[in-house]
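Note sheet for the following structure.
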Amino acid sequence: MQRLTTTLILLAALTACAEFPGVYKIDIAQGNVITQEMVDQLKPGMSKRQVKYIMGSPLLEDTFNNNRWDYYYAVRSQNNPKPEQTMSLYFDGDLLSHFDGNLAPESAK
């Protein structure tokens with residue numbers, strides 16, 4: 001009898017974790033927002049301080065390589081999946097040398 005009760009409780013707990021149709025799920029945003037306007041403001045030769053003012057603090061800063069900052073942004077939505085935005089910025093000392101990612105400056109398009 002005790003084994004049956006335990007089994008039913010575990011089964012009920014597992015059923016509660018299943019997805020029910022029509023249940024609202026919130027959108028989950030992760031990372032730094034990256035917009036076209038931000039990318040358009042980036043110019044080679046900018047200092048790390050200027051870049052941080054435009055882009056914000058990087059999501060990933062490599063401890064062993066201080067010359068690369070990585071930015072990532074994704075929104076997980078149940079109904080409307082959006083593409084991920086990624087940017088990698090490379091520095092030569094304290095100055096921005098180049099960058100790449102999903103977005104390019106308008107002048108380069």
Side-chain angles (χ1 to χ4, degrees):
M1 185 66 173
Q2 187 177 8
R3 183 175 279 182
L4 179 63
T5 305
T6 305
T7 304
L8 289 175
I9 289 172
L10 287 173
L11 184 61
L14 288 174
T15 305
C17 295
E19 294 185 27
F20 293 107
V23 174
Y24 176 74
K25 290 188 177 181
I26 61 171
D27 296 342
I28 300 172
Q30 295 180 323
N32 303 60
V33 176
I34 304 170
T35 64
Q36 185 65 49
E37 292 80 25
M38 295 164 76
V39 175
D40 289 341
Q41 292 178 27
L42 294 176
K43 306 283 185 242
M46 296 177 88
S47 70
K48 287 184 178 181
R49 187 173 180 171
Q50 290 172 317
V51 172
K52 195 175 278 192
Y53 179 77
I54 294 170
M55 299 290 291
S57 296
L59 184 64
L60 297 172
E61 229 178 307
D62 191 351
T63 324
F64 301 107
N65 183 6
N66 293 334
N67 296 327
R68 178 178 172 172
W69 289 357
D70 291 307
Y71 293 85
Y72 172 82
Y73 182 67
V75 177
R76 295 186 185 183
S77 176
Q78 181 179 6
N79 299 328
N80 189 12
K82 297 179 182 173
E84 299 174 347
Q85 299 289 337
T86 58
M87 286 291 295
S88 294
L89 286 78
Y90 301 92
F91 294 90
D92 185 16
D94 187 50
L95 301 178
L96 180 65
S97 61
H98 65 284
F99 54 92
D100 59 14
N102 294 27
L103 297 174
E106 285 292 328
S107 60
K109 290 182 178 180

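Along the sequence shown, the residues carry numbers beginning at 1. Keep in mind the model is a prediction, meaning the values are calculated, not measured.
- When side chains are defined from C-beta on, Asn32 does not count as touching Met38, because their heavy atoms never get closer than 4.5 Å.
- The heavy-atom pair separating Asp70 from Ser88 by the smallest distance is OD1-OG, 2.6 Å.
- Residues His98 and Pro44 are not in side-chain contact: their nearest non-hydrogen atoms beyond the backbone lie 4.5 Å or more apart.
- Shortest non-hydrogen contact noted between Pro105 and Phe99 is CG-CZ, 3.7 Å.
- Annotation: side-chain contact (heavy atoms from CB on, under 4.5 Å) contacts of Ser97 (sequence neighbours excluded): Tyr90, Asp92.
- Applying the ring-ring contact (aromatic ring centres under 6.0 Å, His included) test to Phe91 and every residue at least two apart in sequence or in another chain returns Trp69.
- The two atoms that bring Ile54 and Gln41 nearest to each other are CG1-OE1, 3.5 Å, heavy atoms only.
- Of the possible donor and acceptor atoms, one in the side chain of Tyr71 sits under 3.5 Å from a partner among the backbone N and O of Gly56.
- Between atom CG of residue Asn67 and atom CG of residue Leu89 there is a gap of 12.0 Å, rounded to the nearest 0.5 Å.
- With rounding to the nearest 0.5 angstrom, the OG1 atom of Thr6 is 9.0 Å from the CZ atom of Arg3.
- The shortest non-hydrogen separation linking Asn102 to Gln85 is CB-OE1, 3.7 Å.
- The minimum heavy-atom distance between Gly101 and Met87, with the atom names listed, is CA-SD, 4.0 Å.
- Remark: the Tyr72 side chain and the Gln30 side chain contain no N/O donor-acceptor pair separated by less than 3.5 Å.
- We find the CG-CE distance between Asp94 and Met46 to be 11.5 Å, quoted to the nearest 0.5 Å.
- Using a 4.5 Å cut-off on side-chain heavy atoms (C-beta onward), Leu42 and Val51 make contact.
- Heavy-atom minimum distance, Glu84 versus Ala74: CG-CB, 3.9 Å.
- Atom-to-atom distance recorded for Asn66:CG and Lys48:NZ is 5.5 Å, nearest 0.5 angstrom.
- Atoms CG and OG1, on Asp40 and Thr35 in that order, are 8.0 Å from each other to the nearest 0.5 Å.
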